[in-house]
Colleague: 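One structure, as structure tokens, below. Some questions next.
Source: prediction; values computed, not measured. Below, all heavy atoms of this structure are taken into account, side chains as well, without hydrogens, waters or symmetry copies.
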Amino acid sequence: MTELDELQDRWEAAVEAELPSAIGLRHRVHADPRASGDEEDTARIVVEALGIDDGIRVAKTGRAVLLPGTRPGPAVALRTELDALPVTERTGVPWASETPLMHACGHDVHMAALVATVRAAAVVGVPRPLVALLQPREETSPSGALDIVESGVLTEYGVESVIGAHVQPRLAAGVVSAVPGPVNASTDEFDVVVRGQGGHAGYPHLLRDPILALSQIVVSLQQLASRRVDPVFGAVCSVGRIEAGTTANVVPNEARLSGSLRLMRAEDRDLALEGLAEVVHGTAKAHGCRAELEISPCEPVLHNDAGLTQRAHRRLVRTGAGVDTDFRSFGADDFAHYCGMTRGLMMFVGLGDTAGVPSLHDELFLPPDAAIGQVASALIAGYLAAVEG
């Protein structure tokens, strides 16, 4: 057994002792969620639970808290998200949110797991400095991760690796994915306004119908994935909002939609965005209308460092976890910005049927408290993988 193997075992045991208080923390932040950009109170609660010091403010409402290591060397950051989603909860648990906000993405679990991990690290002692990164604004733009990267705080702390772990109901309980390379898609959001000539619904030959044009745009956008991008790597173009008209017998002057474009390869991004513009403007013109297109770049592709992934895989196996080496998701995470400036590793912790629903961001999504310990184990594996390499 190596020195780091022994540390892993002692650290895991110390986390077990922290779990009762971590569960209480999870319930507390779950019952009192905060929107993206308004996480000040949540950050304060988590910092107090860490019990180290107040840390430094990052990205306006976040914090970075340093736990010194026992030896000199590059620091390792463990990241958690702070923000909730604008979802009205229907889980019915006593500690459910009673506001129009909900931790429907597992961030409450991630916060509790980070606290348990760092508190246990302070007990057993860790060789490299550990930075608890409490990041705001993961769910919306502007990105909290990008703000942290651009602030220089990671360089100031000497961070060489950033580790994250996210609950995932699409993986079986007891399984953690550790996959090298791209694991989350890039995402660009877009808004389209189609302007035509409205009027009486009974005289369509006198009109230039923006709803018809917009409907065809929605259908035609699907060929971005099927015909513009190599299907081995894939793409997703989804329209999430359509808005037009006020009544059944009046064709409006304009129609609007909003959507997102997601890709797994950076080299496909410009080509797909060019195709998006061609479809929007060309389809509108073909219907006698004109279109306005606004594209908002969001997150890059999230690339896991191959060396970190390989070493974390071995550490996860030591805990008894099943390790998935294939899982990738067209979800996006601003954790990708950390991977662009240093080594990054994002793991996904399986929930399986214990989550109750098949999807993140659902009003019934409620990971079990046991997920806190599983996420903590993944963070420990990631930290040790960084120290080994």
Side-chain angles (χ1 to χ4, degrees), residues 35-37 85-88 100-101 104 139-143 185-231 233-300 329-332 358-363:
S36 301
L85 287 157
V87 173
T88 300
L101 295 167
E139 298 288 1
T140 63
S141 295
S143 159
S186 67
T187 180
D188 296 280
E189 295 181 352
F190 56 89
D191 295 284
V192 176
V193 181
V194 176
R195 303 188 191 279
Q197 176 61 57
H200 198 296
Y203 302 91
H205 58 297
L206 302 178
L207 313 178
R208 298 191 300 277
D209 189 344
I211 292 181
L212 180 60
L214 193 82
S215 299
Q216 188 58 55
I217 287 172
V218 173
V219 174
S220 297
L221 284 176
Q222 304 315 305
Q223 60 89 9
L224 291 178
S226 65
R227 294 296 182 270
R228 297 292 184 106
V229 177
D230 186 337
F233 300 98
V236 173
C237 187
S238 297
V239 173
R241 182 182 69 88
I242 294 177
E243 179 182 334
T246 58
T247 190
N249 61 350
V250 178
V251 174
N253 289 315
E254 66 179 45
R256 300 171 177 266
L257 65 78
S258 298
S260 66
L261 177 64
R262 299 164 184 265
L263 298 135
M264 275 293 184
R265 293 197 304 175
E267 55 264 42
D268 292 328
R269 200 170 185 179
D270 288 343
L271 180 65
L273 288 172
E274 289 174 9
L276 171 66
E278 290 171 3
V279 167
V280 168
H281 293 296
T283 305
K285 184 176 181 180
H287 287 78
C289 300
R290 60 185 176 87
E292 298 172 5
L293 170 64
E294 182 177 340
I295 297 172
S296 301
C298 296
E299 319 305 348
S329 166
F330 272 91
S359 177
L360 301 164
H361 294 197
D362 190 281
E363 60 193 1

Colleague: Determine, step by step, whether Gln197 and Leu206 satisfy the side-chain contact (heavy atoms from CB on, under 4.5 Å) criterion, reporting the C-alpha distance in whole Å, the side-chain angles of both residues, the deciding distance to 0.1 Å, and the verdict.
Modeller: CA-CA 8 Å; Gln197 176 61 57; Leu206 302 178; over 6 Å; no
Colleague: Do Ser260 and Phe330 have side-chain heavy atoms sitting under 4.5 Å apart?
Modeller: no
Colleague: Does a side-chain heavy-atom distance below 4.5 Å link Leu276 with Leu221?
Modeller: yes
Colleague: Does any N or O in the side chain of Arg208 come within less than 3.5 Å of the main-chain N or O of Gly288, such that one atom is a donor and the other an acceptor?
Modeller: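 A pair under 3.5 Å: yes.
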Colleague: Would the distance check show the side chain of Asn253 and the main-chain N or O of Gly198 forming a donor-acceptor pair, the cut-off being under 3.5 Å?
Modeller: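 Judged by distance alone, yes, a pair lies under 3.5 Å.
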Colleague: Between the main-chain N or O of Glu299 and the side-chain N or O of Thr187, is there a donor-acceptor pair closer than 3.5 Å?
Modeller: no
Colleague: Any idea which heavy atoms bring Val194 and Cys289 closest together, and the distance?
Modeller: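 Shortest heavy-atom contact: CG1-CB, 3.7 Å.
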Colleague: Drop me the distance from Asp191's CG to Leu257's CG, to the nearest 0.5 angstrom.
Modeller: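 Answer for the CG-CG pair, Asp191 versus Leu257, is 8.0 Å.
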Colleague: Within the structure provided, determine whether Pro252 and Thr246 are in side-chain contact (heavy-atom separation under 4.5 Å).
Modeller: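 Sidechains of Thr246 and Pro252: no contact.
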Colleague: Considering all heavy atoms of both residues, which atom of His281 and which atom of Leu293 are nearest to each other, and what is their separation?
Modeller: NE2-CB, 4.0 Å
Colleague: How far apart are the closest heavy atoms of Arg256 and Val193, and which atoms are they?
Modeller: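 Arg256 and Val193 have their closest heavy atoms at NH1-CG2, 3.2 Å.
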Colleague: Please tell me if the side chains of Glu274 and Arg228 come closer than 4.5 Å, counting only heavy atoms from C-beta onward.
Modeller: no
Colleague: Does a side-chain heavy-atom distance below 4.5 Å link His287 with Leu214?
Modeller: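 They are not in contact (no side-chain heavy atoms under 4.5 Å apart), so the answer is no.
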Colleague: With a 6.0 Å cut-off (strictly less than), is the heavy-atom count around CZ of Arg227, excluding the residue itself, greater than 12?
Modeller: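 Open.
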Colleague: Can you list the residues that meet the ring-ring contact (aromatic ring centres under 6.0 Å, His included) rule with His200, with sequence neighbours excluded?
Modeller: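 Per chain and number, His200 pairs via ring-ring contact (aromatic ring centres under 6.0 Å, His included) with Tyr203.
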Colleague: Shortest non-hydrogen contact from Ser329 to Met264?
Modeller: O-CE, 3.0 Å
Colleague: Would you say Arg262's side chain and Ala185's backbone share a donor-acceptor pair under 3.5 angstrom?
Modeller: no
Colleague: Nearest 0.5 Å, what's the CD-CG distance between Glu278 and Leu224?
Modeller: 9.0 Å
Colleague: Find the distance between CD (Glu243) and CD1 (Ile211) and round it off to the nearest 0.5 Å.
Modeller: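 Between atom CD of Glu243 and atom CD1 of Ile211 there are 11.0 Å.
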Colleague: Could you tell me which non-hydrogen atom of Pro86 sits nearest to which non-hydrogen atom of Leu101, and how far apart they are?
Modeller: CA-CD2, 3.9 Å
Colleague: Could you give all pairs that pass the side chain to side chain donor-acceptor pair (under 3.5 Å) test and reach residues 214-223, with sequence neighbours left out?
Modeller: Gln216-Ser220
Colleague: State, to 0.1 Å, how close Val87 and Asp362 come at their nearest heavy-atom pair, and which atoms those are.
Modeller: CG1-C, 4.4 Å
Colleague: Would you compute the distance between atom CG of Asp270 and atom CG of Leu263 and round it to the nearest 0.5 angstrom?
Modeller: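 Interatomic distance, Asp270 CG to Leu263 CG, rounded to 0.5 Å: 10.0 Å.
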Colleague: Do Ser186 and Leu261 touch side chain to side chain, with heavy atoms closer than 4.5 Å?
Modeller: no
